[in-house]
Structures are given as C-alpha cells and as structure tokens.
Participant: 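I have a structure here, written as structure tokens, and I will follow up with some questions on it.
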There are 2 protein chains.
Amino acid sequence: MTPKKNDVERRGRGRPQSFDRTQALYAAMRLFWDRGYEGTSFDDLIAAMGISPSSFYNAFKSKEALYQEAIEAYAKASGAWFYDILGEPADTRTTLERLLTFAAAEFTRDDLPAGCMIAVAATQCSPSQARLRELMATQRTQYETAMANRLRLGVNLGDLPAATDIDALAAFYMSLIRGMVVQARDGATRERLLEIARIGMQAWPAKEGHPSAA
Amino acid sequence: MTPKKNDVERRGRGRPQSFDRTQALYAAMRLFWDRGYEGTSFDDLIAAMGISPSSFYNAFKSKEALYQEAIEAYAKASGAWFYDILGEPADTRTTLERLLTFAAAEFTRDDLPAGCMIAVAATQCSPSQARLRELMATQRTQYETAMANRLRLGVNLGDLPAATDIDALAAFYMSLIRGMVVQARDGATRERLLEIARIGMQAWPAKEGHPSAA
DNA sequence: TTTTTTTTGGTGTCATCGCTCCATAAATCC
DNA sequence: GGATTTATGGAGCGATGACACCAAAAAAAA
C-alpha cells in the first residue's frame, strides 16, 4: 500500500544508506515485542539497530512511527499464521483447534520473544500514550473481528448451531489466547499452553439438538 | 504482618502527618492500576496523593516501595473477592462459576479502573524493571496456585474426576480471566464478559464415566 | 568538475523522572 | 521554656529520554 523508500530497488541521487532498513526494522520489532513501547528507549533502539540518531531520524521519522512500522512488520511476519489458519479450508472446529495449537507453539518459540507483540500491549500506560493505546486496542479488535467472521462462516456452513452467539464465542477464544500470552511471558512451557488450548476446545458449542445436560 | 508506622494509633513525638496515609495509598493504587508502574510518574503520584516530594519520600520511601504497598492494598481491598470465593463452601463447579461471574462484574465497575491491577501488569517492560516483572509474575502464580488448590480439593470431594489435570485446568481458567481483563481494559461491557465466563464454564470437565463424545 | 541530493557522525538541547537536601514548622518530652 | 523528634514546602540535581542540528561524506546529475 504505502510504497516505502527502499523496497528492493532504490537508486536515488544521494548517499546510499549504509544499513539494511528491513533488518533494522526487525531488530526494533523484537525489542518492542519484548519490552513494549514505553519500555524500549531510543538509545536501546539505535544500539540494537546499529545506527546513529540521525540515521534513525532520517529513516524512521520518530519512535512512534517506527513502532507502527514494527506492528505492520509483525503482522506480516510473526502474526500471519493467524489469518492464514483462518483462511484454511478445514471445518470450523478444526480451524479453531489449529489456531489454538499454533498459538501455543508460536508463543513459545526459542528464536523469538515469548508471547505476542499485540495481545496485551499498552493495556496499562501513561495518558500521554493514549493514541498508542487506542492503536493497540484497534489491532486487537481487528484480530477478534477476523475470528468472528470465520465463526460466522461456520454457522453458514452448518459447523455451528444457528443460535450461536458468534461475537461472544470470538471474544471467548481471543480472551483465552491473550491469557495464553500472559502465561507464555511468565515462562509457561509449550506443553502447558497446549493443555490450555485443549481445555479451551472443550468449550466448543454442542451440536444442535444435543444440548449439554445441566 | 508488617506493623506500619501509623495503623490507627500513632502518637509519636514529632510533627504529625498532615495527610491520611491510607487515603494517599489508595489514590496511588488507582493510578498504578490504571497506568501501570512505568506509566505512572512521580509527579502524577504526588499530585493525586496531594503531598509534596518530601512527604512522599518520608512516608513511602520510594516509588517502587509504594508500588509494592499498592499491590498489597489491592490484594486486600479489590482482590479479596478472589480468595473469598475460593473459600466459600459451595461445590467446585459453582465456585468456579461464581469466580468468573464475579470477575466479570469486578472488571467493569464504574467506580474503579477497568480490569485488574495484577493480571497483565509488567508483561512487557524495560530490563531495568526486571525485579518488578518477577514480582508481578509471582503474584500471578500465587493466584493460580490458590485456584489449583481449590480444584484439587474438588477432586478430593468428588466434584472433579480423579484424572483431572488440575494445574492445566487452573492455568486455563486463569488465562481466561486474564484475557477478560484485556477485554475490560479495551472497553468491553459487563455483559460481554459474562458471556465469555458462561462459555468458559462449558469447558468444565465432564463427570467420570461420561466422557464427551468426539 | 561542479552541483545537487541524500545519508552519516557527533554533539547539543530541552523536557521529564525520580528523587534529595535543607531550612522551617509542629508536635512531644523533660 | 528548651530540647528533641518528626513532617513539610520548596528548590535543586544528576540521569535518562527523545529527538534536533550541522558540518562532512558519498552518491547521481549536469
């Protein structure tokens, strides 16, 4: 959508950049992921990115602009599995099961920070960061809406009872995933997260005509 | 446990405190609850508490010490319902149901900040706040352990199958509660949280001899 | 080669943060 | 009343945070 200054080809006039912009962005992303926006200082960033303040300012405009880019990079790289799985042709229950299982695995990779960059970000922050907070809430809403849309499709496909409260079910599973993120950040193992996911699938709505006994 | 300087009676020798220490502590608690530790500045604190820097230092030692006291105050005031409900004589399933329902209500009170002060605090923060992060992780573990103990009791009482993975079940429900906190902080209504709680109860383990069909 | 354009290194700057110090005030004790 | 003890108001301080500026460097364009 937004054509960045240097995507593959960039033969401008002036002095060429001495660093790989994408690589620097990923370094920033990992730092933000691990420490959050307010917990990551300017000096930490330029150190991890290996650039000077002027290069930083020149290439990324500001810390906030960089954070937004980092969120986009995260969505494309480390968050894509979510939308990918939602788009798979499996039946709805299998899709949700895969989603939770994949979440457990992704949140406990040893080559990336634990958990998710978005799931619990900026839930408690200074009033001066109100814009950031709204941005993250919006991001979370988008993931939840995507899941709700997939569940709604499930109703249309007959995978879910027609009376299912789709928005509530999506909110339930997103809540569970966000809680799994907290567990992951506190050091929970992949096995533990898989157990949580397995129990979460027990809440899957019963088929029509088979109401669960009280 | 720790006898504070002024609990009810304190007739020392010097000039008396010109402010209500407990009231000031609660003001700080609410600020920390809403903004987190790093998101709450010293100046914000003394403004909300209505005291000067020297009074602050004299009465609370440091921002970090105040935060610890605020956590304790929270546990006694706004977090007590959790342990209270765990201690009620109801059967285990009812207890968990009440816990989730109460959480939905507590997280959406209009006289207090949304959500919980502990549930998602310091999951992303600066490395310089490593101690704080561990403190919060420990707090979360304590709540989870308390729930696990109640569930274990449920196994002994015959409320839950003997083969139940208690730690996993506790982790599941605590994850759900933490996710509900994120929802609450993003502005979810009490009704929405109640729906999430209701769905969460659908994951309650089936009685022995009545395995859920695949 | 000169000009133009863009990036870079290094330093400076302004605000905020979390205290810290000190003189003064208000209580009790002798 | 004087001494002692504790709290207060207000100013200041060293560190950090997030840039901002500028002269020099490195490329293409003329």
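Bear in mind the structure is a predicted one, so any value in this text is a computation, not a measurement. Atom set for the values below is all heavy atoms of this structure, side chains included, hydrogens, waters and symmetry mates excluded.
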Participant: Think A/S55 has a side-chain N or O under 4.0 angstrom from the OP1 or OP2 of C/dT8?
Facilitator: yes
Participant: Just by distance, no angles: are the side chains of B/Q124 and A/E38 close enough, under 3.5 Å, to form a donor-acceptor pair?
Facilitator: no
Participant: To the nearest Å, how far apart are B/R15 CZ and C/dA26 C1'?
Facilitator: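 Rounded to whole Å, this separation is 5 Å.
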Participant: If you compare every side-chain N and O of B/Y57 against the phosphate oxygens of C/dT20 (OP1, OP2), does one of them come in below 4.0 Å?
Facilitator: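 Indeed, a polar side-chain atom of B/Y57 lies that close.
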Participant: So, A/T92 and A/T95: side-chain donor and acceptor under 3.5 Å apart, yes or no?
Facilitator: no
Participant: How many whole angstroms separate atom CZ of B/F42 from atom P of D/dG14?
Facilitator: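 Atom-to-atom, B/F42 to D/dG14, this comes out as 17 Å.
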Participant: Flag this pair as yes if the NZ/CZ of B/K63 is under 6.0 angstrom from the six-membered ring centre of B/F42 and inside a 45 degree cone about the axis; otherwise no.
Facilitator: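 No, a cation-pi geometry is absent between B/K63 and B/F42.
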Participant: Any idea which of D/dA27, C/dA26, D/dT8 is nearest the B/P16 side chain?
Facilitator: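 My answer, after comparing the listed nucleotides, is C/dA26.
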Participant: Please determine if a side-chain N or O atom of B/S41 lies less than 4.0 Å away from the OP1 or OP2 oxygen of C/dC17.
Facilitator: yes
Participant: May I ask you to verify if any side-chain N or O of A/S18 is less than 4.0 angstrom from the OP1 or OP2 atom of C/dT8?
Facilitator: yes
Participant: What is the distance from CZ of B/R13 to C1' of D/dA7, rounded to the nearest Å?
Facilitator: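 After rounding, the gap between these two atoms is 15 Å.
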Participant: For C/dT6, give its Watson-Crick or G-U wobble partner with both distances under 3.5 Å, or none.
Facilitator: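 The base-pairing partner of C/dT6, which may sit in any strand shown, is D/dA25.
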Participant: Any side-chain donor-acceptor pair under 3.5 Å between A/S41 and A/D44?
Facilitator: yes
Participant: For DNA chain D, whose closest nucleotide is more 5', that of A/S54 or that of A/D43?
Facilitator: A/D43
Participant: What is the distance, rounded to the nearest whole Å, between atom NZ of A/K63 and atom P of D/dA18?
Facilitator: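 My rounded result for the distance is 4 Å.
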Participant: Mind calculating the distance between CD (A/E38) and P (D/dT16) to the nearest angstrom?
Facilitator: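 Computing the A/E38:CD to D/dT16:P distance gives 18 Å.
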